[in-house]
Student: 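First the structure, which I've put down as structure tokens, then a few questions once you've had a look.
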Amino acid sequence: MADVPTLVEQAREGRPRAVARLISLVEGASPQLREVMAALAPLTGGAYVVGLTGSPGVGKSTSTSGLVSAYRRAGKRVGVLAVDPSSPFSGGALLGDRVRMSDHASDPGVYIRSMATRGHLGGLAWAAPQAIRVLDAAGCDVILVETVGVGQSEVEIASQADTSVVLLAPGMGDGIQAAKAGILEIGDVYVVNKADRDGADATARELNHMLGLGESRGPGDWRPPIVKTVAARGEGLDEVVEALEKHRAWMGERGVLSERRVARAAREVETIAVTALRERIGDLHGDRRLDALAERIVAGDLDPYAAADELVAGIAEGITEG
């Protein structure tokens, strides 16, 4: 069993092994997870969480690495959660992001962790919210969460970050994608990377046009900026940081930051509660109560919704008695 209070204290001191151990407890759904979260709760709330998402090949990892450098120049401690596809053999992350961010490996002010999706949809790992809490409690000023390459419908990062950055690149069909619902509706800041390529200006113009369609923003509302970068050469990344800080300031002035964080916490509680209920329902497989309800459905004495109501009521009664 891990000594959670000691691990938390060491994580606060910036010891990477302690941070790694705490995140491992989170990823492994350790029996000590509740103890870990209880210990971290009073220590969180100071980090600015930035999510980076976009289609495969737009340069998310290179951009993330460049943003780490920019924030480090500003004296910020930075945590990175790089969500990689799961290995089909081990279930672990493929670690491609950590390879591309090796320039920061020896920097004590940077903590980089690759996390496997493990089949979780939405571009994030299921343990990402708790891992963000670990990095927050460990004293990171900024936490960059890079999703696995996602499509239009995989937009979970918007519910986990204070500010969402959507990356595009010219020549990858993103101009057409801009006309469709999904990933291009969640951005607070848009980045056209690889801006040295032909078509970058056209991509930015089309994106700007699409963002203007159907606008219902009032005076003072946030209009997502579009920043052109060449992340591989470090060009434009300071401008991205500037846009992020402007958005952070705007959210703080309007109370939006607090609203987003409360909504994020509510979703986290809901997810934990639903998971617990699923586990209880899973425990009922082979249980006579579930079989009896199923038999009544087959016999036509009960419909599935009424049966589900009875099942939920039974579970709730068990929770109350417990």
Side-chain angles (χ1 to χ4, degrees), residues 2 4-5 7-8 11-12 19 21-51 53 79 81 83 113 115-140 142-148 150 153-164 186 188 248 251-252 254-284 308-309 311-322:
V4 172
L7 284 176
V8 171
R12 292 289 288 173
V19 177
R21 181 70 178 124
L22 288 171
I23 293 180
S24 293
L25 291 174
V26 167
E27 283 194 287
S30 166
Q32 293 182 280
L33 182 55
R34 289 176 181 268
E35 182 184 359
V36 170
M37 290 298 110
L40 295 180
L43 307 173
T44 58
Y48 176 43
V49 183
V50 178
T53 190
L81 287 182
V83 183
R113 175 73 174 228
M115 299 183 71
T117 55
R118 300 187 182 181
H120 184 78
L121 298 178
L124 290 179
W126 74 271
Q130 287 77 32
I132 289 171
R133 287 181 179 274
V134 172
L135 293 178
D136 188 355
C140 291
V142 179
I143 300 171
L144 303 176
V145 184
E146 179 199 333
T147 73
V148 68
V150 297
S153 63
E154 295 169 312
V155 294
E156 189 177 344
I157 188 60
S159 68
Q160 298 297 338
D162 296 325
T163 299
S164 296
I186 67 168
D188 299 304
R248 183 181 189 179
M251 288 191 296
R254 296 299 185 96
V256 175
L257 183 58
S258 177
E259 290 175 2
R260 288 191 176 191
R261 290 181 174 180
V262 169
R264 190 160 75 220
R267 279 187 292 267
E268 190 175 355
V269 171
E270 181 182 358
T271 299
I272 292 170
V274 169
T275 300
L277 287 173
R278 278 204 193 103
E279 289 174 354
R280 286 180 176 267
I281 292 173
D283 291 340
L284 289 175
D309 289 341
L311 183 60
V312 170
I315 293 173
E317 183 179 346
I319 292 174
T320 302
E321 292 176 354

Student: Give a yes-or-no answer on whether the side chains of Glu268 and Gln130 include a donor-acceptor pair shorter than 3.5 Å.
Tutor: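 Yes, a side-chain donor-acceptor pair sits under 3.5 Å.
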
Student: Using the test side chain to side chain donor-acceptor pair (under 3.5 Å), find all partners of Arg248 that sit at least two apart in sequence or belong to another chain.
Tutor: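 For Arg248 there are no side chain to side chain donor-acceptor pair (under 3.5 Å) partners, ignoring immediate neighbours.
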
Student: Which residues pass the side chain to side chain contact (heavy atoms under 4.5 Å, CB included) test with Val256, not counting sequence neighbours?
Tutor: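 Expected list: Trp250, Met251, Arg254, Arg260.
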
Student: For Arg21, enumerate each residue passing the salt bridge (charged side-chain N to carboxylate O under 4.0 Å, His left out) test, keeping only those at least two apart in sequence or located in another chain.
Tutor: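 For Arg21 there are no salt bridge (charged side-chain N to carboxylate O under 4.0 Å, His left out) partners, ignoring immediate neighbours.
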
Student: Going by side chain to side chain contact (heavy atoms under 4.5 Å, CB included), name the residues that satisfy it together with Val274, two or more places apart in sequence or in a different chain.
Tutor: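 Once residues adjacent in sequence are excluded, the partners of Val274 under the side chain to side chain contact (heavy atoms under 4.5 Å, CB included) criterion are Glu270, Arg278.
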
Student: Ignoring hydrogens, what is the shortest heavy-atom contact between Gly139 and Arg12? Give both atom names and the distance.
Tutor: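 For Gly139 and Arg12, the tightest heavy-atom pair comes out as N-NH1, 4.2 Å.
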
Student: Find out whether Val26 and Leu33 are in side-chain contact, i.e. whether some heavy atom of one side chain is under 4.5 Å from a heavy atom of the other.
Tutor: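 Result yes, sub-4.5 Å side-chain heavy-atom pair found.
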
Student: Go through the structure and list residues passing side chain to side chain contact (heavy atoms under 4.5 Å, CB included) with Ala138, not counting sequence neighbours.
Tutor: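 For Ala138 the side chain to side chain contact (heavy atoms under 4.5 Å, CB included) partners, ignoring immediate neighbours, are Ala11, Val19.
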
Student: Can you name the nearest heavy-atom pair linking Asp162 to Asp188, along with the distance?
Tutor: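 It is O-OD2, 4.1 Å.
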
Student: Who passes side chain to side chain contact (heavy atoms under 4.5 Å, CB included) against Pro31, sequence neighbours left out?
Tutor: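 Scan of Pro31 (side chain to side chain contact (heavy atoms under 4.5 Å, CB included), adjacent residues dropped) gives none.
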
Student: Considering non-hydrogen atoms only, spot the tightest contact between Met115 and Ala131 and give its length.
Tutor: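 Heavy atoms only, the tightest pair is SD-CB, 3.8 Å.
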
Student: Identify each donor-acceptor pair in which a side-chain atom of residues 37-48 lies under 3.5 Å from a protein atom, sequence neighbours left out, and give them as a table.
Tutor:
from, atom 1, to, atom 2, distance (Å)
Thr44, OG1, Ala41, O, 3.1
Tyr48, OH, Thr163, OG1, 2.6
Tyr48, OH, Leu244, O, 3.0

Student: How far apart are the closest heavy atoms of Leu25 and Ala2, and which atoms are they?
Tutor: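 Closest approach of Leu25 to Ala2, heavy atoms only: CD1-CB, 4.1 Å.
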
Student: Using the salt bridge (charged side-chain N to carboxylate O under 4.0 Å, His left out) criterion, which residues pair with Asp136? Sequence neighbours excluded.
Tutor: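 Asp136 satisfies salt bridge (charged side-chain N to carboxylate O under 4.0 Å, His left out) with no other residue.
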
Student: Mind checking salt bridge (charged side-chain N to carboxylate O under 4.0 Å, His left out) for Arg34 and listing every partner two or more places apart, or none if nothing turns up?
Tutor: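 If we apply the salt bridge (charged side-chain N to carboxylate O under 4.0 Å, His left out) test to Arg34, skipping adjacent residues, there are no hits.
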
Student: Considering all heavy atoms of both residues, which atom of Ile143 and which atom of Ile132 are nearest to each other, and what is their separation?
Tutor: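 Between these two residues, the closest heavy atoms are CD1-O, 3.5 Å.
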
Student: Using the side chain to side chain donor-acceptor pair (under 3.5 Å) criterion, which residues pair with Gln32? Sequence neighbours excluded.
Tutor: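 Residues passing side chain to side chain donor-acceptor pair (under 3.5 Å) with Gln32: none at all.
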
Student: Please report the closest heavy-atom contact between Arg264 and Ala161, naming both atoms and the distance.
Tutor: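 What the structure gives for the nearest pair is NH1-C, 3.4 Å.
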
